[in-house]
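Working notes, beginning with the structure itself.
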Amino acid sequence: MTITTRNLDFREARRAKKDEFYTSLRDIELELQHYTDHFAGKVVYCNCDDPRASNFFRYFATNFERLGLKKLIATCYRSQDPGQFGPGDSDQAVYLEYTGDRNGDKVPDAEETGIQPMAGDGDFRSSESVELLKQADIVVTNPPFSLFREYVAQLVEHDKQFLIIGNMNALTYKEIFPLFQADQMWYGPSIRSGDREFRVPDDYPLTAAGTRVDSDGNKYVRVKGVRWFTNLDYPGRHEELELHRTYSPREYPKYVNYDAIDVSKTMHIPVDYDGPMGVPITFLDKYNPDQFDILGSSKTLGRPMSEVAKKGTYMQGGPRFYLPNGDGTFRRMYDRIVIRNKQLA
């Protein structure tokens, strides 16, 4: 197979961005416990997962019968250790198909795992990988953060259910935010704040804080702002956010470049305000689509400050909301999501 430009881009993204992270089994178990009813009779596809390194493959293979899966498919960019399943070149991409335990040992043995070499390098955008994607009902993996936009676009194009890991700031991408607004994507429940530890390839440079090497020589890094992104529903997403504060103009000032009040913390959303409110993006950890509508964001709704204030009175930058300082100058806010309490409409 000819190596396409996009495959070369994929390789360069991996080398430059260093975003080949292996998710811990514990983090996978904590999130997947919320979705067990979704998997009966389904084909699960892990399309960024070397079976030796991937705990996604391990989780679904181990819990295949308990979840009632129909089939598990895993593909990898390249196999790190195909010798675990059969002979082959360590740079050869492979795909696996597992349909359940046949010898009673509850382990996906080589004779039970249909390992096949891939003609290409396992790029999730290749024709081989897309054909496997078409067979799948649910995609579960940790895709390269540097290709998150393109990865999600492919899932949407093929109308797949998914549970994937990404950086929470991906929410602000122009390709991703409309999915949240249209209730076609939301955060999963198990990660709300802080950072998460990921194992990384042996050649990963440990140059930053928050890294370690275990007794077996495996390397780990801690990544901030990680979230699960999904379109699989779960009961907790419909829990009503309790509101206790009441609205007052002094406590909730309005932006000068958009008609909405500023709410600095999710817990401070007033119970009695029926207009647009700007809230931090962390609001989405508590977002209940039965309680609130998402109207847009500061990136799309705010008027340019050049239309409402004199140059030199505000900090310039990309689209944001601004609040008055009271002395003729204006302060630029962090990204905001604009919501309305639909129960007051």
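In what follows, residues are counted from 1 in the order of the sequence shown. Because the structure is a prediction, the values reported are computed rather than measured.
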Work out which heavy atom in [X] is nearest to a heavy atom in [Y]; give both atom names and the distance.
X    : Y    : value
N341 : Y273 : CB-O, 4.1 Å
I73  : E97  : CG1-CG, 4.2 Å
P143 : C48  : CA-SG, 4.0 Å
A93  : G122 : CB-N, 3.7 Å
Q184 : N231 : O-CB, 3.4 Å
I164 : V139 : CG2-O, 4.4 Å

For [X] and [Y], which I'm curious about, is there any donor-acceptor pair between the side chains at under 3.5 Å?
X    : Y    : result
N142 : T23  : yes
Y45  : T75  : yes
D233 : H238 : yes

Salt bridge (Lys or Arg N to Asp or Glu O under 4.0 Å) contacts in which one or both residues fall within residues 177-190, not counting sequence neighbours
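Applying salt bridge (Lys or Arg N to Asp or Glu O under 4.0 Å) to every pair that reaches into residues 177-190, excluding sequence neighbours, yields D183-R237.
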
Inter- and intrachain pairs under salt bridge (Lys or Arg N to Asp or Glu O under 4.0 Å), touching residues 324-345, at least two apart:
D262-R336, D293-K342, R320-D335

Honestly curious: do [X] and [Y] fall in one hydrophobic cluster under the side-chain, below-4.5 Å linking rule?
X    : Y    : result
M267 : L243 : no
V156 : F148 : yes
M277 : Y334 : no
L30  : I138 : no
L241 : V271 : yes

So, using side chain to side chain contact (heavy atoms under 4.5 Å, CB included) as the criterion, who are the partners of [X] when residues are at least two apart?
X    : result
E197 : R212, Y220, R222
T230 : Y35, L163, W186, L232
K134 : V130, E131, H158

Closer than 3.5 angstrom, by distance alone: can the side chain of [X] be matched with the main-chain N or O of [Y] as a donor-acceptor pair?
X    : Y    : answer
S129 : S126 : no
N288 : D290 : yes
N63  : L67  : no

Audit row: F283, V263, side chain to side chain contact (heavy atoms under 4.5 Å, CB included) steps and yes/no
CA-CA 10 Å; F283 160 82; V263 180; over 6 Å; no

[Y] and [X], any side-chain heavy atoms less than 4.5 Å apart:
X    : Y    : result
K286 : E239 : no
M168 : V226 : no
F292 : I269 : yes
H268 : E251 : no
D27  : R196 : yes
P319 : T300 : no
R58  : I28  : no

For the pair E175 and E150, evaluate side chain to side chain contact (heavy atoms under 4.5 Å, CB included) and give the outcome as yes or no after the intermediate values.
CA-CA 9 Å; E175 302 88 351; E150 191 166 358; over 6 Å; no

State the [atom1]-[atom2] distance between [X] and [Y], to the nearest 0.5 angstrom.
X    : Y    : atom1 : atom2 : value
L133 : E157 : CG    : CD    : 9.0 Å
N169 : R227 : CG    : CZ    : 9.5 Å
F180 : I281 : CZ    : CD1   : 9.5 Å
Q135 : L132 : CD    : CG    : 5.5 Å
Y59  : E31  : OH    : CD    : 10.5 Å
L96  : K71  : CG    : NZ    : 12.0 Å

Check which hydrophobic residues are tied to F330 through side-chain heavy-atom contacts below 4.5 Å, counting indirect links as well, and list them.
V256, M305, V308, Y314, Y322

Apply the hydrophobic cluster definition, ILVMFWY joined by side-chain contacts under 4.5 Å directly or through others, and give me every member besides F321.
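Besides F321, the hydrophobic cluster comprises Y255, Y258, L295, L301, L323, M333, V338, listed by chain and residue number.
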
How far apart are the C-alpha atoms of D137 and K160, what are their side-chain angles, what is the distance that settles it, and do they pass the salt bridge (Lys or Arg N to Asp or Glu O under 4.0 Å) test?
CA-CA 6 Å; D137 298 299; K160 297 302 175 181; over 6 Å; no

ring-ring contact (aromatic ring centres under 6.0 Å, His included) against [X], all qualifying residues, sequence neighbours excluded:
X    : result
F162 : none
F64  : Y98
Y151 : F124

Does atom CD of E242 have more than 12 heavy-atom neighbours, drawn from other residues, nucleotides or ligands, at distances under 6.0 Å?
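No.
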
Should we count CG of D259 as having more than 12 external heavy atoms under 6.0 Å?
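No.
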
Set out, in order, the CA-CA distance, both residues' side-chain angles and the distance that settles side chain to side chain contact (heavy atoms under 4.5 Å, CB included) for F177 and I294, then state yes or no.
CA-CA 10 Å; F177 185 78; I294 298 176; 3.7 Å; yes

Is there a side chain to side chain contact (heavy atoms under 4.5 Å, CB included) between V152 and Y173 once you walk through the steps?
CA-CA 11 Å; V152 171; Y173 298 164; over 6 Å; no

Applying salt bridge (charged side-chain N to carboxylate O under 4.0 Å, His left out), name anything that partners R192, two or more places apart in sequence or on another chain.
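Counting only residues at least two positions away or on another chain, R192 forms a salt bridge (charged side-chain N to carboxylate O under 4.0 Å, His left out) with D285.
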
Taking salt bridge (charged side-chain N to carboxylate O under 4.0 Å, His left out) as the definition, give me every residue that meets it alongside E29, ordered by chain and number, with sequence neighbours left out.
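By the salt bridge (charged side-chain N to carboxylate O under 4.0 Å, His left out) rule, E29 matches no residue at all.
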
Answer yes if the ring centres of Y287 and Y187 are under 6.0 angstrom apart, and no otherwise.
no

